[in-house]
Amino acid sequence: MNCIIIGIAGGTGSGKSTFTRRLKEEFEDDVTVIYHDNYYRRQDDVSFEDRKKVNYDHPDSLETQLLLEHLHRLKDGQAIDCPVYDYSQHNRSDQTLHIEPKRIIIAEGILLLADKRIRDLLDIKIYVEADADERILRRVVRDVKERGRDIDNIVEQYLTTVKPMHYLYVEPTRALADIVINSGMNNVAFDIVRSKIRLMLEEEAY
C-alpha cells in the first residue's frame with residue numbers, strides 16, 4: 001500500500017496535537033494517527049512512586065523499535081494493535097488500539113525526529129515550536145485536567161527532566177525537520193502542508 005507518513009515533533013505543549021488534529025479533520029477518513037507516547041515502556045515491576053520519578057523525556061524511556069516495526073507494517077498495508085499508555089498510572093495499560101493502514105499516516109511525539117530510523121521513514125518532517133512559557137502553561141493545564149496530575153508533581157517533573165531533556169534531545173531535532181512552524185494554529189503553515197499532502201496523494205494516484 002502506498003501511503004504518506006508524516007512526522008510531527010516539537011516540545012511539550014508546543015501545539016503538535018493541535019496541528020495533528022487539524023490535518024486529521026482536513027483529510028478525515030484518509031488519515032490515521034499514531035502517538036509515540038503510547039510506546040513508553042511497560043514498568044509493571046516498578047512501584048508507582050518510582051514510576052513517577054522516571055525520566056520520560058529521555059529517548060530510552062520509549063520502545064521506539066516497536067513503533068518502527070508498526071510504522072513499517074502500516075506502510076506495507078497491514079493493521080497493527082498499538083499499545084495504550086495510562087498517564088495516570090505512569091505505565092502502559094493492558095489495552096491496545098487497533099489501527100488500520102490509511103493513505104496518510106501521522107506519527108506524533110516530542111522525540112519522534114530523534115531516531116534516524118524513524119526519520120528515514122517519514123515523507124514530511126514537521127517541527128512545531130512555541131515559547132517556553134507558553135509550553136509549560138499548556139502542559140500544566142493539560143496534565144491537571146486530562147491526566148490527573150498534581151501541580152507539585154508537574155513542576156518537579158518539568159524542572160528535573162522535561163526542561164533539561166528538551167534542550168538536550170528535543171530542540172536539536174528542529175534542524176532535522178523539513179518544515180518548522182511556530183504554532184499549531186499557524187494557518188499559512190497549515191495551508192502549505194495541506195497543499196503538499198494533496199499533491200503527494202495526486203502523484204500516488206497515477
Which distance, rounded to the nearest 0.5 Å, do you find between the [atom1] of [X] and the [atom2] of [Y]?
| X | Y | atom1 | atom2 | value |
| --- | --- | --- | --- | --- |
| D115 | T64 | CG | OG1 | 5.5 Å |
| N55 | S61 | CG | OG | 6.5 Å |
| R51 | D45 | CZ | CG | 9.5 Å |
| I151 | Y158 | CD1 | OH | 14.0 Å |

[Y]/[X] salt bridge by N-O under 4.0 Å criterion:
| X | Y | answer |
| --- | --- | --- |
| R198 | E26 | yes |
| K53 | E156 | no |
| D94 | R42 | yes |
| D30 | R103 | yes |
| R73 | D76 | no |

If you count heavy atoms of other groups shown closer than 6.0 angstrom to CD of Q95, is the number above 12? no

Report the residues that fulfil side-chain hydrogen bond (donor to acceptor under 3.5 Å, both in side chains) with R21, sequence neighbours left out, ordered by chain and then residue number. E25

Do the non-hydrogen side-chain atoms of [X] and [Y] ever get within less than 4.5 Å of each other?
| X | Y | value |
| --- | --- | --- |
| L122 | L113 | yes |
| E100 | T32 | no |
| T12 | H166 | no |
| C3 | I5 | yes |

Verify side chain to side chain donor-acceptor pair (under 3.5 Å) between R92 and Q43, making sure each step is shown before the conclusion. CA-CA 7 Å; R92 191 178 292 182; Q43 302 182 96; over 6 Å; no

Apply the test side chain to side chain contact (heavy atoms under 4.5 Å, CB included) to residues C82 and Y39: give CA-CA distance (whole Å), side-chain angles for both, the deciding distance (0.1 Å), then the verdict. CA-CA 8 Å; C82 170; Y39 291 81; 3.6 Å; yes

Take L121 and K75, measure what side chain to side chain contact (heavy atoms under 4.5 Å, CB included) needs, and give me the verdict at the end. CA-CA 9 Å; L121 263 183; K75 187 178 180 71; 3.9 Å; yes

Y167 and K163: which non-hydrogen atoms are nearest, and at how many Å? CD1-O, 3.2 Å

Mind listing the closest non-hydrogen atom pair of G184 and V128 along with its distance? N-CG1, 4.0 Å

In the hydrophobic clustering (ILVMFWY, side-chain contacts below 4.5 Å, transitive), which residues join L199, or is it alone? none

Linking Ile, Leu, Val, Met, Phe, Trp and Tyr by side-chain heavy atoms under 4.5 Å, what else ends up with V180? Y40, V54, Y56, L62, Y85, Y87, I110, L111, Y127, M165, L168, Y169, V170

For R22 and N187, what are the C-alpha separation, side-chain angles and deciding distance, and is it a side chain to side chain contact (heavy atoms under 4.5 Å, CB included)? CA-CA 10 Å; R22 294 180 71 187; N187 290 328; 2.7 Å; yes

Residue pair I99, V33: steps toward the side chain to side chain contact (heavy atoms under 4.5 Å, CB included) verdict: CA-CA 8 Å; I99 298 178; V33 181; over 6 Å; no

Please test T20 against E108 for side chain to side chain donor-acceptor pair (under 3.5 Å), starting from the C-alpha separation and ending with a verdict. CA-CA 8 Å; T20 297; E108 180 201 308; 2.9 Å; yes

Any link between V84 and L67 through a network of hydrophobic side chains (Ile, Leu, Val, Met, Phe, Trp, Tyr) touching at under 4.5 Å? yes

